[in-house]
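One structure below.
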Amino acid sequence: MSVELQDLLILLTQEKDCYSQLLDLAGDKKKAIIADQVTRLDQIVSQEESTLANLKKLENSRLDFIRQTAARCRIPEKDLTLSQWPFPTSSEEKQQIDALQTGFKQIITTLAEQNQLNNRLIDMHFMLIDQLLFKKTQTKTQLQYTPNGGLDQTRNQTVNLIDRVM
């Protein structure tokens, strides 16, 4: 295996591991949302942010590696792909690349589905909170009439339950 390909595969494997961590965290997030564990959810979000920062560093390293390798091979960066690697690759290396690509696709697809589910769960929590707040804060108008049957503009008040001690 060429040193260049080996270095690239190491970077890609590290990136895949980060995505696996994000997938695990998404599962933990789902459990925390369902159990209404806000403190745990906050911890998970902090871990996600740390993992994403690490992922960004790895991606920048990968892009730098691609730029350097493309410059050494005198080919445009966009033409430097694993399917058209400029150095000789064995069938074993191609299998390793295919396995890595398949793993990426599976993880990212599952992660996208899990994130959509978590977003729906959070939206449902917000809808419940909105309904509870609406019930607690419904506004009632207390109308006051003048002796001749008209509305007394100086005494009409709008009362909100949130203004009262409960």
Side-chain angles (χ1 to χ4, degrees), residues 1-139 162:
M1 180 181 297
S2 71
V3 175
E4 290 86 2
L5 181 60
Q6 186 176 11
D7 290 345
L8 181 59
L9 290 178
I10 289 170
L11 278 171
L12 290 172
T13 301
Q14 291 172 341
E15 282 192 58
K16 186 177 134 240
D17 292 344
C18 282
Y19 279 107
S20 292
Q21 289 173 5
L22 288 174
L23 181 58
D24 293 342
L25 289 170
D28 293 345
K29 187 188 285 187
K30 175 184 153 190
K31 292 174 189 171
I33 292 168
I34 290 171
D36 202 24
Q37 298 172 332
V38 177
T39 305
R40 177 69 183 128
L41 189 59
D42 188 45
Q43 293 169 348
I44 292 168
V45 169
S46 294
Q47 290 173 330
E48 280 181 328
E49 289 172 352
S50 173
T51 303
L52 288 170
N54 189 27
L55 189 60
K56 184 177 181 179
K57 288 177 189 174
L58 288 170
E59 180 65 11
N60 287 336
S61 296
R62 185 186 67 79
L63 292 173
D64 288 342
F65 176 83
I66 294 296
R67 279 187 211 102
Q68 292 169 5
T69 304
R72 255 196 327 269
C73 296
R74 298 173 195 213
I75 58 174
E77 291 175 28
K78 64 181 176 77
D79 292 341
L80 185 60
T81 64
L82 285 174
S83 60
Q84 300 193 351
W85 193 247
F87 305 104
T89 55
S90 67
S91 62
E92 181 183 308
E93 292 167 344
K94 288 180 182 179
Q95 288 176 348
Q96 187 178 0
I97 291 167
D98 289 343
L100 193 59
Q101 184 180 20
T102 301
F104 260 113
K105 286 180 181 178
Q106 289 173 343
I107 290 170
I108 290 173
T109 300
T110 307
L111 182 60
E113 292 168 357
Q114 186 66 54
N115 284 338
Q116 286 177 344
L117 177 62
N118 288 345
N119 284 338
R120 293 221 353 103
L121 288 170
I122 290 171
D123 287 344
M124 289 170 60
H125 270 72
F126 281 135
M127 286 175 21
L128 177 63
I129 290 168
D130 284 346
Q131 289 175 349
L132 291 172
L133 283 175
F134 178 74
K135 278 288 190 194
K136 291 288 184 188
T137 61
Q138 281 182 333
T139 302
I162 207 164

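- Using a 4.5 Å heavy-atom cutoff, the side chains of Gln114 and Leu117 are in contact.
- Ile44 contributes atom CD1, which lies 11.0 Å from atom CG of Asp24 (distance to the nearest 0.5 angstrom).
- Note that CD of Gln116 is 12.0 Å distant from CG of Leu121, once rounded to the nearest 0.5 Å.
- The environment of CZ in Arg74 is sparse: at most 12 heavy-atom neighbours from other residues, nucleotides or ligands sit within 6.0 Å.
- Taking CG from Leu12 and CG from Leu9, the interatomic distance works out to 6.5 Å, rounded to the nearest 0.5 Å.
- Atom CD1 of Ile108 sits about 11.5 Å away from atom CG of Asn115, to the nearest 0.5 Å.
- The two residues Phe104 and Lys16 make their nearest non-hydrogen contact at CZ-N, 3.6 Å.
- Going from atom CD of Gln95 over to atom OG1 of Thr102 covers 11.5 Å, rounded to the nearest 0.5 Å.
- Nearest heavy atom pair, residue Asn54 against residue Cys18, reads ND2-SG, 3.5 Å.
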Taking distance alone, no hydrogens or angles, what donor-acceptor pairs closer than 3.5 Å link side-chain atoms of residues 55-67 to residues at least two apart or in another chain?
from: Glu59; atom 1: OE1; to: Arg62; atom 2: NE; distance (Å): 3.2
from: Glu59; atom 1: OE2; to: Arg62; atom 2: NH2; distance (Å): 2.5
from: Asn60; atom 1: ND2; to: Lys56; atom 2: O; distance (Å): 3.4
from: Ser61; atom 1: OG; to: Lys57; atom 2: O; distance (Å): 3.1
from: Asp64; atom 1: OD1; to: Arg67; atom 2: NH1; distance (Å): 2.6

Distance-only donor-acceptor hits, side chain of residues 25-35, under 3.5 Å, sequence neighbours excluded:
from: Lys29; atom 1: NZ; to: Glu48; atom 2: OE1; distance (Å): 2.9
from: Lys29; atom 1: NZ; to: Glu48; atom 2: OE2; distance (Å): 3.2

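- Counting heavy atoms from C-beta on, the side chains of Arg72 and Glu4 come closer than 4.5 Å.
- Looking at heavy atoms from C-beta onward, Leu41 lies out of side-chain contact with Asp36 at the 4.5 angstrom threshold.
- Between the side chain of Ser46 and the main chain of Asp42, a donor-acceptor pair closer than 3.5 Å is present.
- Taking CG of Leu8 as the start and OG1 of Thr69 as the end, the distance is 7.5 Å to the nearest 0.5 Å.
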Walk me through whether Met124 and Leu128 qualify under side-chain contact (heavy atoms from CB on, under 4.5 Å). CA-CA 6 Å; Met124 289 170 60; Leu128 177 63; over 6 Å; no

